[in-house]
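The analysis underlying the following values was restricted to heavy atoms, covering all of them including side chains, and did not include hydrogens, waters or symmetry mates.
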Amino acid sequence: MKNNKFTTTDITTAGLIAALYTVLTFAAQAFGLASGAVQFRISEALTVLPVFTRAAIPGLAVGCLMANILTGCALWDIIFGTLATLIGATGTYMLGRVGRPMWGVLPPIAANMLVVPAVLIKVYGAEGSYPYFMLTVGIGEVVCCGIMGIVLYNILKNSKLFR
């Protein structure tokens, strides 16, 4: 991104990330893992990508938006779930910029642990406490964003894909 402008390559990269996030969410949804109190969206591993490119921020947000719309989420879940992804991706990008790329998995975990439990309770009327849903959502996020994200980061850090 030269001069803070998105290039054609950046827009293409964002589109590919959005599509990949959506497809991976559908794969998780096929097994009933993409929504509910315990979520294992394998697409969340992609939340580490803003460490490599700013184009991943809109890519992840649009991917989350599309996945939430296409999997039949409620309107407020679509809005706040996408917002949580956008906040997490921005935090990941900022940590990558200050030389802490391995910490880049923390903002999406934190954003989802704070936002998703409120959505589960307020939007879907899920029975359980906010701390309980923080724990259950947090477990899925630690596995998908944290563990899988770090594995993805280690695979990509020496590749030529984002240079």
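Between atom CD1 of residue Ile42 and atom SG of residue Cys144 there is a gap of 8.0 Å, rounded to the nearest 0.5 Å. Note that OG1 of Thr25 is 7.5 Å distant from CG of Asn68, once rounded to the nearest 0.5 Å. Summarising the geometry, atom CG belonging to Leu16 is positioned 8.5 Å from atom CG belonging to Leu20; distances are rounded to the nearest 0.5 Å. The CG atom of Leu49 sits 8.5 Å away from atom CG of Leu161, with the distance rounded to the nearest 0.5 Å. Put simply, CE on Met134 and CG on Leu114 are 5.0 Å apart, with the number rounded to the nearest 0.5 Å. Within the model, atoms CD1 of Ile79 and CG of Leu83 stand 9.5 Å from one another, a figure rounded to the nearest 0.5 Å.
Taking all atoms of both residues into account, the shortest heavy-atom contact from Thr47 to Pro108 is OG1-CG, 3.5 Å. Between Ala74 and Val123 the shortest heavy-atom distance is CB-CG1, 3.5 Å. Between Ile121 and Gly128 the shortest heavy-atom distance is CD1-O, 3.8 Å. Pro107 and Gly91 make their closest contact through CG-C, 3.5 Å (heavy atoms, listed as atom of the first residue, atom of the second, distance). Residues Leu46 and Ile17 approach most closely at CD1-O, 4.3 Å, considering heavy atoms. Nearest heavy atom pair, residue Val51 against residue Pro101, reads CG1-CB, 3.4 Å.
In this structure, Trp76 and Ile78 have side chains that are not in contact, with every pair of non-hydrogen atoms separated by 4.5 Å or more. Residues Glu44 and Met148 are not in side-chain contact: their nearest non-hydrogen atoms beyond the backbone lie 4.5 Å or more apart. Between Val116 and Phe133, every side-chain heavy-atom pair lies at or beyond the 4.5 Å cut-off. Residues Val48 and Ile150 have side chains not in contact (no heavy-atom distance under 4.5 Å, counting atoms from C-beta outward). With contacts defined as side-chain heavy-atom distances shorter than 4.5 Å, the pair Tyr124/Asp77 qualifies. Within the 4.5 Å cutoff, no side-chain heavy atoms of Asp10 are placed close to those of Lys5. Taking the side chain as every heavy atom from C-beta outward, Tyr21 and Met66 never approach each other to under 4.5 Å. Side-chain contact between Arg41 and Cys145: absent, with no pair of heavy atoms (C-beta onward) separated by less than 4.5 Å.
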Using the rule given for side chain to side chain contact (heavy atoms under 4.5 Å, CB included), can you reason through Thr92 versus Val105, listing the C-alpha separation, both sets of side-chain angles and the distance that settles it, and then say yes or no?
CA-CA 7 Å; Thr92 298; Val105 297; over 6 Å; no

Can Leu70 and Phe26 be said to form a side chain to side chain contact (heavy atoms under 4.5 Å, CB included), step by step?
CA-CA 9 Å; Leu70 296 173; Phe26 265 95; 3.4 Å; yes

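By the side chain to side chain donor-acceptor pair (under 3.5 Å) test, Tyr130 is found to be paired with no residue, residues two or more places apart in sequence or in another chain being considered.
In the model, Gln39 has no side-chain atom that pairs as donor or acceptor with a side-chain atom of Asn112 under 3.5 Å.
Following chains of ILVMFWY side-chain contacts shorter than 4.5 Å, one can reach Val115 starting from Leu120, so the two form part of one hydrophobic cluster. Hydrophobic clustering (side-chain heavy atoms under 4.5 Å, transitive across Ile, Leu, Val, Met, Phe, Trp, Tyr) keeps Val62 apart from Ile87. If you chain together hydrophobic residues whose side chains sit under 4.5 Å apart, Phe40 and Ile109 never meet in one group. Residues Met113 and Val38 fall into different hydrophobic clusters, defined by Ile, Leu, Val, Met, Phe, Trp and Tyr side chains chained together at heavy-atom separations under 4.5 Å. Hydrophobic clustering, with ILVMFWY side chains joined whenever heavy atoms are under 4.5 angstrom apart, groups Ile139 together with Phe31.
No more than 12 heavy-atom neighbours from other residues, nucleotides or ligands sit within 6.0 angstrom of OH on Tyr132.
A side-chain donor-acceptor contact under 3.5 Å links Thr85 to the backbone of Gly81. For the pair Thr53 (side chain) and Pro50 (backbone), a donor-acceptor distance under 3.5 Å is absent.
Cation-pi geometry between Arg54 and Phe6 is satisfied (NZ or CZ under 6.0 Å from the ring centre, within 45° of the ring normal).
Aromatic rings from Phe52 and Tyr153 are positioned such that their centres are separated by under 6.0 Å.
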